[in-house]
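Here's the structure, in structure tokens; my notes come after.
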Amino acid sequence: MSSQASAVSNQEAQGREMTMVEALRAALREEMRRDDRVILLGEDIGVEGGFGGAFTVTLGLSEEFGHHRVLDTPISEAAIAGVAAGAALGGLRPVADVQYGDFLFLAMDQLANNAAKLRYMSGGKLSVPLVFRAPVGATTRGAQHGQSLEAFFMHVPGLKVACPSNPYDAKGLLKTAIRDENPVIFFEHKLLYGSKGARKEKGGLQVTGWVPDEEYLVPLGEAKIVRPGRDITLVANLLMVHKSMQAAETLAREGIEAEVVDVRTLTPFDWETVFQSVRKTTRLIIVEEDNLTGGWGAEVAARVADHCIGHLDAPVRRIAAPDTPVPFAPVMENFYVPSAEKIVAAVKELVGTHPQPWM
Amino acid sequence: MSSQASAVSNQEAQGREMTMVEALRAALREEMRRDDRVILLGEDIGVEGGFGGAFTVTLGLSEEFGHHRVLDTPISEAAIAGVAAGAALGGLRPVADVQYGDFLFLAMDQLANNAAKLRYMSGGKLSVPLVFRAPVGATTRGAQHGQSLEAFFMHVPGLKVACPSNPYDAKGLLKTAIRDENPVIFFEHKLLYGSKGARKEKGGLQVTGWVPDEEYLVPLGEAKIVRPGRDITLVANLLMVHKSMQAAETLAREGIEAEVVDVRTLTPFDWETVFQSVRKTTRLIIVEEDNLTGGWGAEVAARVADHCIGHLDAPVRRIAAPDTPVPFAPVMENFYVPSAEKIVAAVKELVGTHPQPWM
Amino acid sequence: MAEAKLTPEQKLAMYHRMLLCRMFEERVYFLFLEGRLPGTIHQSQGQEASAVGICSALDAGDMITSTHRPHSHAIARGVSARSLMAELFAKETGCCRGKGGSMHVGDAGAGMLPAIAIVGGGLPLAAGYALAFRYLKQPNIVACFFGEGAANIGVFHEAVNMAAIWNLPVVFVCENNKYAASTAVEKVMRVKHVSERAAAYGIPGETVDGNDVEVVYQAMVKAGSRARAGDGPTLLELETYRFAGHSRSDPGHYRKPEEVAAWKERDPIARYEARLLAEKVLEPSEMTKIRASIELELETAIAQAEQDPSPKPEDCLTDVFAS
Amino acid sequence: MAEAKLTPEQKLAMYHRMLLCRMFEERVYFLFLEGRLPGTIHQSQGQEASAVGICSALDAGDMITSTHRPHSHAIARGVSARSLMAELFAKETGCCRGKGGSMHVGDAGAGMLPAIAIVGGGLPLAAGYALAFRYLKQPNIVACFFGEGAANIGVFHEAVNMAAIWNLPVVFVCENNKYAASTAVEKVMRVKHVSERAAAYGIPGETVDGNDVEVVYQAMVKAGSRARAGDGPTLLELETYRFAGHSRSDPGHYRKPEEVAAWKERDPIARYEARLLAEKVLEPSEMTKIRASIELELETAIAQAEQDPSPKPEDCLTDVFAS
Ligand SMILES: Cc1ncc(C[n+]2csc(CCOP(=O)(O)OP(=O)(O)O)c2C)c(N)n1
Ligand SMILES: Cc1ncc(C[n+]2csc(CCOP(=O)(O)OP(=O)(O)O)c2C)c(N)n1
Ligand SMILES: [Mg+2]
Ligand SMILES: [Mg+2]
């Protein structure tokens, strides 16, 4: 899979194909060069001879910026989050990370009770400009290293949530997130990193995308229609954008044109783009890797059921992981993670030729 | 407000009016008498001359059962949860608590990554029979002592979630939860405790309910239609059941008959009762105190938009707290917490006499 | 290190500040019982020497973090009684514009972050703020207040360790008032002094009389200099006692009356008053004047707070995100 | 306390067990490189004395908890190589029926809870299990394995403290292998020994040579007797080293080759082999026999695991709730 995501139309511009990891690293590097106040905190992110974090994103940054800006922490996720929040209050712009999103639960109190609420509790006098990066997604590491956690954070007022699906967006969103005055939880999908070399993920997509040399930002709160279509709307994020695109290609060969919307950020959420697409196609499937019950897709379905109900020609469906922990065995994991085939089947069910009996 | 919740039809049976606190305490006492393996863990729950926990629920229990069964812990929420889980694995039936639901974030890793997943990770060989009690709801204590957290836990596969609205259900559900082989997060609403004396909540409802002397259980996973009606379905939990009932009474005076469904538990969720009600009334409003985006109401709306869409005569609406932290000032908090007036207004909007233009 | 010499003015200022803390809390207690204040309160009568001793050793640019029991910290740090009172009255003019309430009072402009009411939750914020001070080459430090109950929560361990390995300019100030709500410290901790835990992080720990404002001040000057010099954090334990219940309407039956009485004998304000009178730093006539001026300040604060506008209901919707 | 006297049979058993750990890991390493195993692995070559020394001092009814690096713990505890191998192969016959994987192997029936891969996450489980033992008047203890990296996470603090105040029958076994992933212990902790932290909880702490299986065994017998006697937990630190990378495909460039070489000199198996040969407990001929029998055991385990049935895709849906 390659640069479907090259959103910049001017193909004359200078740029190159990058992996997600390279794009994220470039974003960090550019922002650190631009603004002295940007610092990084995390486990194993700056050690000489080390990994550059769990997935190589920070490789080389301690060499360029020094250990006072790339801080290797103890295994102390709550303090990583709380120290980042304190440093943000004190005038810095920390970018902290957890090695696996699953560990966010350890930092949840600091993120949800402190970082998210301090502006509010201060009556609007303070702000907490921090970014917290977290890799998500099932990758045969079992139940404690494969969860998708976007919904938990979308539900916390005061936090912004980003979840890019490709290098172009990842770079542009991360730069914007770093400049944002608010705490941003930044989700990255392990199978999209596309890194080569030692830390390459088995089963990972070699997602590369064209990224311009010139600086650009992607705003938080703008979804992207990554494939236009008239018959049904597929709303997805992260890896599921790619599965939805695969499904759309298969469907197109059978004459069904799916419109694929990459939400890109969950907070703020670009409701208008989704609503307009649904009003046009009259059918909606939300695709997410998270467990079905209470996933972010539920919120999308709920808003559509409120704001677009008169335009719907079919039930609003969600394709998500079942309500189980992430299983280890690949054969089970493949069943757990939504597949392009499942999407295709669900679309065909909704885009029936018969008039809908339920309407 | 009094015993609307007396679900037992046989009014001949012996029993008495109880507050929620008394009912919860009775449940703990009965289960501790019945089963030696039931122990309690929490802060300030068994101290002589103390409070019986933050809201008096455990008062008197250490005197009856001794400190080896009513364990006063340090302020260590993560360990309270993890030790409870370990003790459950070891053959006990711990009932642990946090003083305010907001502190669940501190215990979230142990609850979501360990307690919820250990059965699964062991391939079904182990079980983790524990109950974790947590008071929720806004009560002019500000942003860190007033959140409603049901949605976070409904979203974790492997956890059950209960949220009773009245003493009868509270007692019956807590007893069932203690006997359940799985971890159950048990939410209680501070304004429903109705305790008298020192720890009485300002603004609390004096909710009492008839509770039979004879032992009974309320199963997890059965919603209750607390008021039948034909015009619209109101689905609610905890305090919002009472607000919905108030609204329904006001509406009835204007000829609008709302059916009120008390969900009682979120996991397992009684989808059939909700679907049947919606198919009958053709209109649905979900009422919850949690923040709108990503609340449990989103899941209800999403399921209805999938399973009942052909029966709907109006948009599916949710009445919830706005997406802000809980404000301190009562004037703001009253605006924040959904009121009966807001429910009435929303119902009137949906139950218009005009045919719905959007259908 | 030699002790810092306190001038008579400084001593008087500390006395005045402690009295303001005490009288503020007493007024708040009555306002609360009268039903004029919403919410809940955790009061700090008896702990004034710790709040004032610490804050008197701080510079203008320093920062403090606080807890669910923050009133005296705020006053000691110089947050105005007026803006505190208005916050307790849930008014638009409060230091948190009515959004915070008693458990979250603070005013970063005055050198105090909004108090964190989740036990221990302020410790990493303090360490992080100290990291920013150091990074930005500001000569300042953070004083981080917390109770002995907080010394058992995970984030205490993580934050103190992180501050220790990075030599951050923060002083961890544990007000050991012997109880966490109803729970006696010896039931939940096998060490006698919280300061013994400093060794686990390779930093100095010290326990001092938290009811002697000058002792507290000197200890903080020492720990503060260390922090300012780049030598890292100190775990400073102040032995003290709260005279009131844990929170509103707690009668405190879990404490022996003799214990309470013994600690009342060590009232930090009465003790200091006696000492200053003996030292002739304070004249009885001045005492009366100080009290009167504080009374006036509090009366004015209350009167103004009561007249101040309430936030509008919809104000609840603002201040979620900065733009 | 007098040292427990080890019989030749016990010594041989420990030697055999260590060798099984080592050879199991070596086979797994190759299987992994060959792409025959899914997932990721964290291996424990070099740390066998700690796993085996601890587990050899346990009774049948005791329990252990483990970490992301659990293979040797499992083998030392007596979980069968067969069921472990099947789990790594993601088969229905695995000790977690293919649902757990390398990071969660365990078998409560054999005395090992499923390993917890969130660093430190197993500590409160261990304390809680110990609470159940005591409550149910079982004469058993829990041995809780964790790395030195876990000693910086909050729940370490909370769990050790809770076990300490309640005198729970648990031994906290810290395998200090000097690195947490790529992070050297001295960068993230100012104390030289994790065991120094025991004092913060008022319990005994001890650091011993974790590459000498008998030393480990004796230390565990001592700590275990204490726990069984109702005298509470011990924080036992075992100094050791992992020969392999942190996880699959980590070349370990953050460690100096000389350091690795020096530790390889202290290979716990080679050392013990030499000692047992010198003591004439072990004959060279027997060595060969033991190795051959282990090889056969592993071959069989692999062959069986490869033939075993995979779970069905929909099996993913079961075992969420007990009924
Ligand atoms: C994490 C957490 N757990 C429990 C509480 C409830 N609570 C509020 S204050 C308190 C006692 C705190 O004791 P300590 O830290 O000694 O401070 P003190 O009240 O004595 O000033 C408790 C248990 C809380 N606010 N946060
Ligand atoms: C809470 C948490 N943070 C980070 C990780 C990622 N991680 C896995 S192992 C490891 C290092 C653990 O070091 P240590 O506790 O010393 O054990 P060792 O690997 O040396 O056996 C890290 C950081 C994790 N699993 N859990
Ligand atoms: Mg205290
Ligand atoms: Mg290690």
Side-chain angles (χ1 to χ4, degrees), chain A residues 77-78 102-106 108-114 116-117 120-121 142-144 147 151-152 154-158 267 269 286 290-312 314-318 322-325 327-328 356-359, chain B residues 77-78 102-106 108-114 116-117 120-121 142-144 147 151-152 154-158 267 269 286 290-312 314-318 322-325 327-328 356-359:
Chain A
E77 279 75 7
D102 313 67
F103 314 154
L104 284 172
F105 290 138
L106 291 162
M108 192 103 182
D109 170 63
Q110 288 296 324
L111 293 172
N113 284 330
N114 284 355
K117 296 182 172 48
Y120 195 78
M121 297 192 311
Q144 295 183 334
Q147 297 168 81
F152 291 104
M154 186 193 195
H155 186 45
V156 178
T267 311
F269 194 99
I286 303 132
D290 203 348
N291 303 109
L292 178 72
T293 298
W296 62 264
E299 183 62 31
V300 177
R303 298 257 180 166
V304 166
D306 189 350
H307 296 276
C308 309
I309 197 156
H311 297 83
L312 288 171
V316 176
R317 203 135 285 172
R318 290 171 292 155
D323 289 334
T324 76
F328 162 63
Q356 304 305 321
W358 50 76
M359 293 309 292
Chain B
E77 278 76 5
D102 312 67
F103 314 154
L104 284 171
F105 290 138
L106 290 161
M108 191 103 182
D109 169 63
Q110 289 296 325
L111 293 172
N113 283 330
N114 284 356
K117 296 181 172 47
Y120 196 78
M121 298 191 312
Q144 295 182 334
Q147 296 167 83
F152 290 105
M154 186 192 194
H155 187 46
V156 179
T267 310
F269 194 100
I286 303 131
D290 203 347
N291 302 110
L292 178 72
T293 298
W296 61 263
E299 182 62 32
V300 178
R303 299 256 179 166
V304 166
D306 190 349
H307 296 275
C308 309
I309 196 156
H311 297 84
L312 287 171
V316 176
R317 201 135 285 171
R318 290 171 292 156
D323 289 335
T324 77
F328 162 63
Q356 306 303 321
W358 50 75
M359 294 310 294

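No hydrogens, no waters, no symmetry mates; every other heavy atom, side chains included, goes into these values.
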For the interface with chain A, which of [options] has the highest count of heavy-atom pairs at distances below 4.5 Å?
options: B/V316, B/T267, B/L111; result: B/V316
options: B/G142, B/A78, B/G295; result: B/G295
options: B/V304, B/I286, B/D290; result: B/D290
options: B/P327, B/A305, B/P325; result: B/P325

[X] versus [Y]: any side-chain heavy-atom pair under 4.5 Å?
X: B/L104; Y: A/M108; answer: no
X: A/T293; Y: B/M154; answer: yes
X: B/D109; Y: A/F103; answer: no

For [X] and [Y], work out which heavy atoms get closest and say how close.
X: A/K117; Y: B/A143; value: CE-O, 3.3 Å
X: B/P315; Y: A/D306; value: CB-O, 3.1 Å
X: A/A302; Y: B/A301; value: CB-CB, 3.5 Å

Using the side chain to side chain contact (heavy atoms under 4.5 Å, CB included) rule, take B/D323 and A/H155 through it: C-alpha gap first, then chi angles, then the decisive distance, then the call. CA-CA 8 Å; B/D323 289 335; A/H155 186 45; over 6 Å; no
So what's closer than 4.5 Å to chain A heavy atoms on [X]: side chain, backbone, both or neither?
X: B/E77; result: neither
X: B/L292; result: both
X: B/M121; result: side chain
X: B/F152; result: both

Chain B contact via A/Q110 - which portion, at a heavy-atom distance below 4.5 Å: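 For A/Q110, no heavy atom lies under 4.5 Å from chain B.
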Within the side chain of A/N113, is there an N or O that forms a donor-acceptor pair under 3.5 Å with the backbone of B/D102?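 Side chain of A/N113 to backbone of B/D102, a donor-acceptor pair under 3.5 Å: yes, one is there.
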Kindly say whether A/G294 contributes a backbone atom to a donor-acceptor pair with the side chain of B/E299 at under 3.5 angstrom?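 Answer holds: yes.
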